[in-house]
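As a basis for the values below, the full set of heavy atoms in this structure was taken, side chains included, without hydrogen atoms, waters or symmetry mates.
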Amino acid sequence: RFVMKLVNVNNVEGLFEVLDKCQGDVYLVSKEGDRINLKSKLSQMLFTANLFTKATINELDLIVAEPEDMKRVVDFMMGSANI
């Protein structure tokens, strides 16, 4: 299990495309400790609906189960992902 703090995500759609390719579980963790399964299309839609008032994700904690999946997310955040 890997925990990563994502900051200033401007391309939310691209992030979801990367998460869809992940083999293991991927969760968003709220400040209250709630876990939202970001592999779920319903969760992605609800999360996106909350972003309509904002253009970016300022900060979030992401839990990724597999090391290869963490590499995908890191590559995306560093701008080198092939989506």
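Side-chain atoms of Q44 and D20 form a donor-acceptor pair, as typed in the model, at a separation below 3.5 Å.
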Practice item. Take V64 and M4 through the test side-chain contact (heavy atoms from CB on, under 4.5 Å) and record every step on the way to the result. Key: CA-CA 8 Å; V64 180; M4 177 180 198; 5.7 Å; no
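The main-chain N or O of G24 is found under 3.5 Å from a side-chain atom of D69 such that the two form a donor-acceptor pair. No donor-acceptor distance shorter than 3.5 angstrom exists from the side chain of S43 to the backbone of I36, with no hydrogens or angles considered.
Heavy-atom minimum distance, N37 versus K39: OD1-N, 2.9 Å. Closest approach of M70 to F2, counting heavy atoms only: CE-CB, 3.1 Å.
N11 contributes atom CG, which lies 7.0 Å from atom CD of E13 (distance to the nearest 0.5 angstrom). The distance from the OH atom of Y27 to the CZ atom of R1 is 10.5 Å, given to the nearest 0.5 Å. Expressed to the nearest 0.5 Å, how far CG of L62 lies from CG of L19 amounts to 6.0 Å. For the atom pair CG of D25 and CG of L38, the computed distance is 10.5 Å after rounding to the nearest 0.5 Å. Atom CZ in R72 sits 6.0 Å away from atom SG in C22 (nearest 0.5 Å). One distance of note links CZ of F16 with NZ of K21; it measures 15.0 Å at 0.5 Å rounding.
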